[in-house]
Amino acid sequence: MAARTAPEGLRLGYPCQNRTLRATTNHTVRERNVVLGERLDQAVRANLRDLERILWWNARQGIRLFRVGQHLIPFASHPRFPWDWEERYGAEIQRLGALARSLGIRLSFHPGQYVNPGSSEPSVRDRSLRELRYTARLLARFGDPEGVVVLHGGGVYGDRQRALGRLCRALQKEEEVLRFLALENDERCWSVADLMPAARVLGVPVVFDLLHHRWRPGGLSEGEALAAALETWGGRRPKVHVASQARGGRPGAHAPYLHREDWRRLRAVLRGSGVDVMVEAKAKERAVLRILRWEGLQR
DNA sequence: AGATGTCAAGCGGAT
DNA sequence: ATCCGCTTGACATCT
């Protein structure tokens, strides 16, 4: 029996893996084993297979947003990667993209802390761009018109203006990356307000992260920062990240589930607007199901 | 068999 | 000056 579908006003998602299914899109290999093509191929096939299982499961639960793991094709941007991954897996990726679309599921990516195109170190910038191009190519292959690559601002190195300049210069000619890119505030370096100039120059939107905002509000209230971020999406459907602070954890550590008061506050400022909410919680899909129950949309 | 420690990568901050 | 955390699976090495 099909779950009731969330109204278009609110779509929820979770990152990378489904614990209920014991499925993950982050199967990988050790770097030294990249040359062993068979292991690498097995990891990719496992990721694609698990992605398909997750997509079907999500659709049944009324979950319409999913972050694909950065390791979908492990080491794809690494110099030792042995193949043309598009040639080898492109058709299958296209098929899964069509499936996601037919199920109404939006896909996103979120490269990690090593991807820092505004680094002061040229080799770091180069590596970062290669990883971002790979990620954008994946989304192009998936064919998701609403696909997003969410990236943090990276290091500040004691000079925000210069860091900002490097970030913009590194990215401003990366047409395909910019098609999908969005910048997210983090808890240490870049508040929503800090990101705005880069977002304007690059013509990319800003992802508001509730928990990060708590630790680095940058002079804006929650409502103000959220509103500022939402405006950057123009006609496109905005995306927001939500997490709760782990009790007793270091600032920014994710709690297993979303705390109800955090959800209520976000819900109040979002009201009925058409926004996608990525729930970053240790319990992954179970945290999403709990919110759907709060919303009266599940069981 | 099971348990443990390390792994491509960069930063800021704590110590 | 050095270490830790981010996230978490793979796998080499140990008991």
Side-chain angles (χ1 to χ4, degrees), chain A residues 14-19 21-51 54 67-82 108-135 150-160 162-164 166-167 170 183-191 194-195 209 211-212 214-216 218 241 243-246 248-256 278-285 287:
Chain A
Y14 59 97
C16 303
Q17 61 179 155
N18 181 303
R19 285 145 109 91
L21 293 176
R22 283 203 282 254
T24 175
T25 55
N26 268 332
H27 294 276
T28 184
V29 296
R30 303 280 90 247
E31 191 267 347
R32 70 163 86 68
N33 293 329
V34 167
V35 290
L36 306 179
E38 202 173 322
R39 283 200 195 184
L40 181 60
D41 186 66
Q42 269 177 15
V44 177
R45 303 278 173 205
N47 285 332
L48 296 173
R49 185 196 61 221
D50 278 1
L51 175 58
I54 289 170
R67 179 190 302 166
V68 182
Q70 206 60 26
H71 290 304
L72 188 75
I73 301 177
F75 295 90
S77 71
H78 190 283
R80 283 167 69 186
F81 190 84
S108 69
F109 286 83
H110 190 16
Q113 66 272 35
Y114 303 112
V115 179
N116 181 13
S119 175
S120 56
E121 180 57 51
S123 64
V124 174
R125 291 202 296 270
D126 288 351
R127 272 203 305 278
S128 299
L129 287 180
R130 282 206 304 275
E131 181 73 7
L132 287 169
R133 288 177 195 136
Y134 145 74
T135 312
V150 180
L151 187 71
H152 289 298
V156 169
Y157 315 84
D159 188 337
R160 183 174 304 283
R162 289 178 68 182
L164 204 100
R166 280 194 306 270
L167 183 69
L183 295 171
E184 181 197 346
N185 60 308
D186 65 84
E187 79 276 29
R188 287 192 312 209
C189 300
W190 300 88
S191 68
D194 294 328
L195 287 174
D209 184 295
L211 179 57
H212 294 158
R214 264 175 74 169
W215 296 104
R216 190 175 171 85
H241 286 185
S244 288
Q245 174 64 42
R250 83 156 184 110
H254 290 171
M278 181 62 72
V279 180
E280 296 184 318
K282 297 278 187 206
K284 306 285 178 185
E285 81 287 350

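Quick note on labels: first sequence line is chain A, next is B, and so on, each numbered from 1. Atoms considered below: every heavy atom in the structure, side chains included; atoms not considered: hydrogens, waters and symmetry mates.
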Quick one: [X] [atom1] to [N] [atom2], roughly how many Å, whole number?
X: A:L211; N: C:dC6; atom1: CG; atom2: P; result: 12 Å
X: A:H152; N: C:dC6; atom1: NE2; atom2: C1'; result: 10 Å
X: A:R127; N: B:dA8; atom1: CZ; atom2: C1'; result: 7 Å
X: A:H212; N: C:dG5; atom1: NE2; atom2: C1'; result: 12 Å
X: A:D126; N: B:dG10; atom1: CG; atom2: P; result: 13 Å

Here the residues of residues 70-82 of chain A within 4.0 Å heavy-atom distance, strictly under, of DNA chain B are A:H71, A:F75, A:H78
Name the residue from A:N185, A:L164, A:L167 that meets the side-chain contact (heavy atoms from CB on, under 4.5 Å) definition with A:L195. A:N185
Is there side-chain contact between A:V34 and A:H78, with heavy atoms separated by less than 4.5 Å?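 A:V34 does not reach A:H78 side chain to side chain.
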For [X] versus [Y], what's the shortest heavy-atom pair and its separation?
X: A:Y157; Y: A:A163; value: CD1-CB, 4.5 Å
X: A:T135; Y: A:Q70; value: OG1-NE2, 2.8 Å
X: A:P74; Y: A:V29; value: CB-N, 4.4 Å
X: A:H254; Y: A:A246; value: O-CB, 3.6 Å
X: A:H110; Y: A:V150; value: ND1-O, 2.6 Å

What stems involve DNA chain C, if each pair must be Watson-Crick or G-U and both of its distances must be under 3.5 Å, with 3 or more such pairs in a row?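 If one scans DNA chain C for consecutive Watson-Crick or G-U pairs, the stems found are B:1-7 with C:9-15, B:10-15 with C:1-6.
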For nucleotides 11-13 of chain B, tabulate all protein N/O to nucleotide N/O atom pairs closer than 3.5 Å, reporting atom names and distance.
unit_1, atom_1, unit_2, atom_2, d
B:dC11, OP1, A:N116, ND2, 3.1
B:dC11, OP1, A:S119, OG, 2.1
B:dC11, OP1, A:Y157, OH, 2.5
B:dC11, O5', A:N116, ND2, 3.1
B:dC11, O5', A:Y157, OH, 2.7
B:dG12, OP1, A:V156, N, 2.8
B:dG12, OP1, A:Y157, N, 2.9

With A:H27 via side chain to side chain contact (heavy atoms under 4.5 Å, CB included) - residues at least two apart: A:T24, A:A43, A:A46, A:N47, A:D50
Report the C-alpha separation of A:S123 and A:D126 in whole Å, then their side-chain angles, then the decisive distance to 0.1 Å, and conclude whether the side chain to side chain donor-acceptor pair (under 3.5 Å) test is met. CA-CA 5 Å; A:S123 64; A:D126 288 351; over 6 Å; no
Give a yes or no on whether the backbone of [Y] and the side-chain of [X] come within a donor-acceptor separation of less than 3.5 Å.
X: A:N18; Y: A:A23; value: no
X: A:E285; Y: A:Y14; value: no
X: A:R160; Y: A:C189; value: yes

Kindly check if the number of other-residue, nucleotide or ligand heavy atoms within 6.0 Å of CZ (A:R80) is above 12?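 Yes.
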Rounded to whole angstrom, note down the [atom1] distance from [N] over to [M].
N: C:dC3; M: B:dT6; atom1: P; result: 13 Å
N: C:dT13; M: B:dA8; atom1: P; result: 13 Å
N: C:dC4; M: B:dG5; atom1: P; result: 13 Å
N: C:dT8; M: B:dG12; atom1: P; result: 23 Å

Using the six-membered ring for Trp and the full ring for Phe, Tyr or His, decide whether A:Y114 stacks on the six-membered base ring of B:dG10 (centres under 5.5 Å, planes under 30°). no
Could you give the distance from CZ (A:R216) to CG (A:D186), rounded to the nearest 0.5 Å?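 So the gap between those two atoms works out to 7.5 Å.
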Going from CZ on A:F109 to CD on A:E131, what distance comes out if it is rounded to the nearest 0.5 angstrom?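 It is 10.0 Å, given to the nearest 0.5 Å.
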Short N/O separations, protein against nucleotides 3-5 of chain B, under 3.5 angstrom:
none

Taking the six-membered ring for Trp, are the ring centroids of A:H212 and A:H241 within less than 6.0 Å of each other?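 No, they do not, as the ring centres are separated by 6.0 Å or more.
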Under 3.5 Å between N/O atoms: give me all the protein pairs with nucleotides 8-10 of chain C, atom names plus distance.
unit_1, atom_1, unit_2, atom_2, d
C:dT8, OP1, A:Q17, OE1, 3.3
C:dT8, OP1, A:K284, NZ, 2.7
C:dG9, OP1, A:Q17, NE2, 3.1
C:dG9, N2, A:R30, NE, 3.1
C:dG9, N2, A:R30, NH2, 2.1
C:dA10, OP1, A:H27, ND1, 2.9
C:dA10, N3, A:R30, NE, 3.4

